[in-house]
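Proteins get letters first, then strands, A, B, ... in listed order; numbering begins at 1 in each.
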Number of protein chains: 4
Amino acid sequence: MNARSTTLVADTGRRNEAAILNAALEAFGTKGFNGASMRDVAKGAATSLSNLYNYFPSKSKLLAEALRHANAELQARVAGAVRDAGDDAPSRMREAVRAYVGFVVDHPVATLVATNEVRYLDPEDRAALVTDRDATQATFEHIVAQGAADGTFRTPYAADAARAILSTVGAIASWYRPDGRLSRGQLAEQHARYALALLESPLPQ
Amino acid sequence: MNARSTTLVADTGRRNEAAILNAALEAFGTKGFNGASMRDVAKGAATSLSNLYNYFPSKSKLLAEALRHANAELQARVAGAVRDAGDDAPSRMREAVRAYVGFVVDHPVATLVATNEVRYLDPEDRAALVTDRDATQATFEHIVAQGAADGTFRTPYAADAARAILSTVGAIASWYRPDGRLSRGQLAEQHARYALALLESPLPQ
Amino acid sequence: MNARSTTLVADTGRRNEAAILNAALEAFGTKGFNGASMRDVAKGAATSLSNLYNYFPSKSKLLAEALRHANAELQARVAGAVRDAGDDAPSRMREAVRAYVGFVVDHPVATLVATNEVRYLDPEDRAALVTDRDATQATFEHIVAQGAADGTFRTPYAADAARAILSTVGAIASWYRPDGRLSRGQLAEQHARYALALLESPLPQ
Amino acid sequence: MNARSTTLVADTGRRNEAAILNAALEAFGTKGFNGASMRDVAKGAATSLSNLYNYFPSKSKLLAEALRHANAELQARVAGAVRDAGDDAPSRMREAVRAYVGFVVDHPVATLVATNEVRYLDPEDRAALVTDRDATQATFEHIVAQGAADGTFRTPYAADAARAILSTVGAIASWYRPDGRLSRGQLAEQHARYALALLESPLPQ
DNA sequence: TATGAATGAGGATTCATTCAT
DNA sequence: CATGAATGAATCCTCATTCAT
């Protein structure tokens, strides 16, 4: 069962750190990195502006840290789902997509920040984050490669399929509303099927 | 053959208008709406900061106008492609996707702006733009509906398939490089197939 | 009979000059000299911004010219009233005040400009205007002196009484509304009596 | 004995607040609200431009606060003078006028700001200030009413007399110079007599 | 840790004025 | 005369960041 906490970052041991990180995700997600001010973040974290600098040395590093947490959570969910899945490529892809959809639905704002605001990081932080993200993507790519190798996924464009799948799932964050037509589970099911179909995998029925 | 002009907006009759709009797309795409300053735009358009305000009353309206042009061009390309395609749903979908990919590849920066910076518009401008965008999306939805009705597209999730396809194609803008592994044509071909596969349409071979 | 034109400056021979001057008085009166822009004036005069400079070399000179017209009209009214009055000081004071009140009521905005915005003139223009204004004030001072000399006005502070009277009358402009409790005539009558009382002149009844 | 401090606002507890308010009164009085820049105010208060915004959220609110202080001081002086005066209307009017003249002479710049720049306030602030000002005016009106009721003030226009008196006294601010012909006390005496005469009160001699 | 005060740089926007037509 | 386009200086205000406490 997936945890569905409203805030992404749990207590970190330092008094206000989690509150600041979550407020940063919220502020950057709502107004964009450049549109949100450190004052906005401070207000969201219910602390003072100057206190932010006791935790993070700059706005940019604050974004980096927030994104690190978001990525770690995403990666953990996906990795766990794959671990718990069967051995065949379709099952593993199915569960990976379902986990990813779950994360996006639980944390759409963080997902938006992770896709839209990465470019405002310092080069080194951006590089580190892209590496993290690539690790997640690699999980999907391995599954695709597995299915392509054993003939289950018959798409002639296996090399790029993972990226196509991930962009579709990530885009959910930009339109998803909790009270929308589709439930969390339906959305996961739907995107799992989209993914397998795109991979030209045999489908039930 | 599609024109591949580096600038999206052609001359509009007013002296500097096109230059300003193109500079705005470039600046907003490169640094984000809030990260780019009106000075950046002015510099890109080779005019003075204050002269921008002889053409557009505010930064936000400038963005709105630029996006209006981008959407119009996209819509025209897609509509033209569909018009020139065969009558069956797969042919039409194929050409629609190819045209969309062509636009994204020709104007990746404008595409990024159109997806990432819309939220900075005034509510009315945003609404107008969403309406425009929905019109383009509706073109795809109609094709999906056609194929679903005649049994060609067998996906059980036809209602949301157009959005999934469009998000994949739009995401190309965030990683495409003209000197990348795939040519423009290959990219179009690839995404056309991804789309038809996702729709569970019969595929060649 | 007093003319009660809504605009102070009548046609001057040059096409748009009067319209510009009246628009300037209106704009400067409503928003203040620094609060009103040349664009505001142009809009009010229904002409283009740049065309203003075909008539007046600068915003400051435009104000100077407008105030010159206002002062001339005021002075003409007061002088005429005094000329038409009887020979005794009370009658002359009474008519002078009534004429002044009439001007203020007919042109409250111009009166406000004349009292509040003079300081924004170039030194030479301001000096010229103060001279003009002193001429009007001198009319009142002469009457006061006449009454003081012949014993009709018994105030011990005759030297400053004219200024006191004029400031009261001028202040009408800041609260007068055409639909107010007092009619134009009642206001004139009232202030005439205030003036004579202040001068310690014998009053009817 | 009246204090004649050159600055109106005394220390308020917050480090620079009084200095900023006094600098604002000086700047707005000298150059007008729109003619004075926040930089001017900062310079006058010997602090940085941006620090002003740690004390007041906008130029307009700064003006509002400065005027609030000025009005409070004026009202306190007038109320105190009336309290210390005799019981009869002429004595009370005399002391009220003398106190008002004293304020105007001590703070001519603040008086000018209070009369000329009120219109640049936000509507709510303007309303609040007008209410404050009306309270001071009401003090005078009550005295007039008292004298009218007991037959001491025989003017037929008692209802508007307070306003006439106040406008005359307020106008002192626009021409008063400390080194002028009349001393502070003479000016007070003179205007007290003008006021009583205007009210058609019996006068000495 | 936590905060209020402080600041220099930079943001969008407006302005009076000029110029080419 | 009349105009639209152009511009440099100045406007109010916000920002990320620092510092003293």
Side-chain angles (χ1 to χ4, degrees), chain A residues 14-17 20 33-42 45-63, chain B residues 13-17 20 31 33-42 45-63 120, chain C residues 14-17 20 33-42 45-63, chain D residues 13-17 20 33-42 45-63:
Chain A
R14 291 177 85 196
R15 260 185 121 69
N16 282 322
E17 197 173 34
I20 294 173
F33 178 72
N34 280 307
S37 70
M38 289 297 267
R39 273 182 169 85
D40 291 332
V41 175
T47 184
S48 73
L49 168 60
S50 23
N51 198 27
L52 299 184
Y53 290 86
N54 287 323
Y55 291 86
F56 305 96
S58 72
K59 193 186 183 189
S60 174
K61 295 294 180 190
L62 171 55
L63 171 61
Chain B
R14 282 180 92 197
R15 293 179 93 83
N16 280 328
E17 197 172 34
I20 294 173
K31 308 175 128 190
F33 179 72
N34 280 307
S37 72
M38 289 297 268
R39 267 189 173 82
D40 292 332
V41 175
T47 184
S48 72
L49 167 60
S50 36
N51 196 28
L52 299 183
Y53 290 87
N54 286 325
Y55 291 84
F56 305 97
S58 70
K59 194 186 184 185
S60 170
K61 294 292 182 190
L62 170 53
L63 172 61
Y120 302 112
Chain C
R14 289 176 87 196
R15 261 184 120 68
N16 283 323
E17 196 172 36
I20 294 173
F33 178 71
N34 280 307
S37 72
M38 291 294 268
R39 272 181 169 85
D40 291 332
V41 175
T47 184
S48 74
L49 168 60
S50 26
N51 197 28
L52 299 183
Y53 290 86
N54 287 323
Y55 291 85
F56 304 97
S58 72
K59 192 186 183 187
S60 173
K61 295 293 181 190
L62 170 54
L63 172 61
Chain D
R14 282 181 91 196
R15 293 178 94 82
N16 281 326
E17 197 173 34
I20 294 172
F33 179 73
N34 280 308
S37 71
M38 289 297 268
R39 264 188 175 84
D40 292 332
V41 176
T47 184
S48 73
L49 167 60
S50 36
N51 197 29
L52 299 184
Y53 291 88
N54 286 326
Y55 290 85
F56 304 97
S58 71
K59 193 185 184 186
S60 171
K61 294 292 182 190
L62 170 54
L63 172 61

Separation of [N] [atom2] from [X] [atom1] (nearest whole Å):
X: B:Asn54; N: E:dT14; atom1: CG; atom2: P; result: 11 Å
X: D:Arg14; N: E:dT3; atom1: CZ; atom2: P; result: 16 Å
X: B:Tyr120; N: E:dA12; atom1: OH; atom2: P; result: 14 Å
X: D:Asn51; N: E:dG8; atom1: CG; atom2: C1'; result: 12 Å
X: B:Ile20; N: E:dT13; atom1: CD1; atom2: P; result: 14 Å
X: B:Phe33; N: E:dA12; atom1: CZ; atom2: C1'; result: 10 Å
X: B:Asp40; N: E:dG11; atom1: CG; atom2: C1'; result: 11 Å
X: D:Arg39; N: E:dG8; atom1: CZ; atom2: C1'; result: 10 Å

Under 3.5 Å for both donor-acceptor distances, Watson-Crick or wobble: does E:dA5 have a partner, and if so which one?
F:dT18
Using a 3.5 Å distance criterion without hydrogens, assess whether the side chain of A:Tyr55 forms a donor-acceptor pair with backbone atoms of A:Asn16.
yes
By nearest heavy atom, map C:Lys59 and B:Gly35 onto DNA chain E; which one lands nearer the 5' end?
B:Gly35
Quick one: on DNA chain E, does A:Leu52 or B:Tyr53 contact a more 5' nucleotide (nearest heavy atom)?
A:Leu52
Contact check, side chains of D:Met38 and D:Tyr53, non-hydrogen atoms, under 4.5 Å:
yes
Decide yes or no for C:Arg15 and C:Thr47: does some side-chain heavy atom of the first lie under 4.5 Å from some side-chain heavy atom of the second?
no
Specify the closest pair of heavy atoms between C:Leu62 and C:Val41, including all atoms of both residues, with the distance to one decimal.
CD2-CG1, 4.0 Å
With DNA chain F as reference, determine whether D:Leu49 or C:Asn16 sits nearer its 5' end, using the nearest nucleotide of each.
C:Asn16
Mapping D:Ser37 and C:Arg15 to their closest nucleotides on DNA chain F, which lands nearer the 5' end?
C:Arg15
Rounded to the nearest 0.5 Å, what separation is found between the CG atom of B:Asn54 and the CD atom of B:Glu17?
11.5 Å
From D:Asn34 atom CG to C:Phe33 atom CZ, the distance as rounded to the nearest 0.5 Å:
11.0 Å
Go through the steps for A:Asp40 and A:Ser37 under the test side chain to side chain contact (heavy atoms under 4.5 Å, CB included), then give the verdict.
CA-CA 5 Å; A:Asp40 291 332; A:Ser37 70; 3.3 Å; yes
Base, sugar-phosphate, or nothing: which does A:Ala36 touch, judged by heavy atoms less than 4.0 Å apart?
sugar-phosphate
First and last nt of DNA chain F near chain C, cut-off under 4.0 Å to heavy atoms, 5' to 3', are F:dC1 to F:dG4
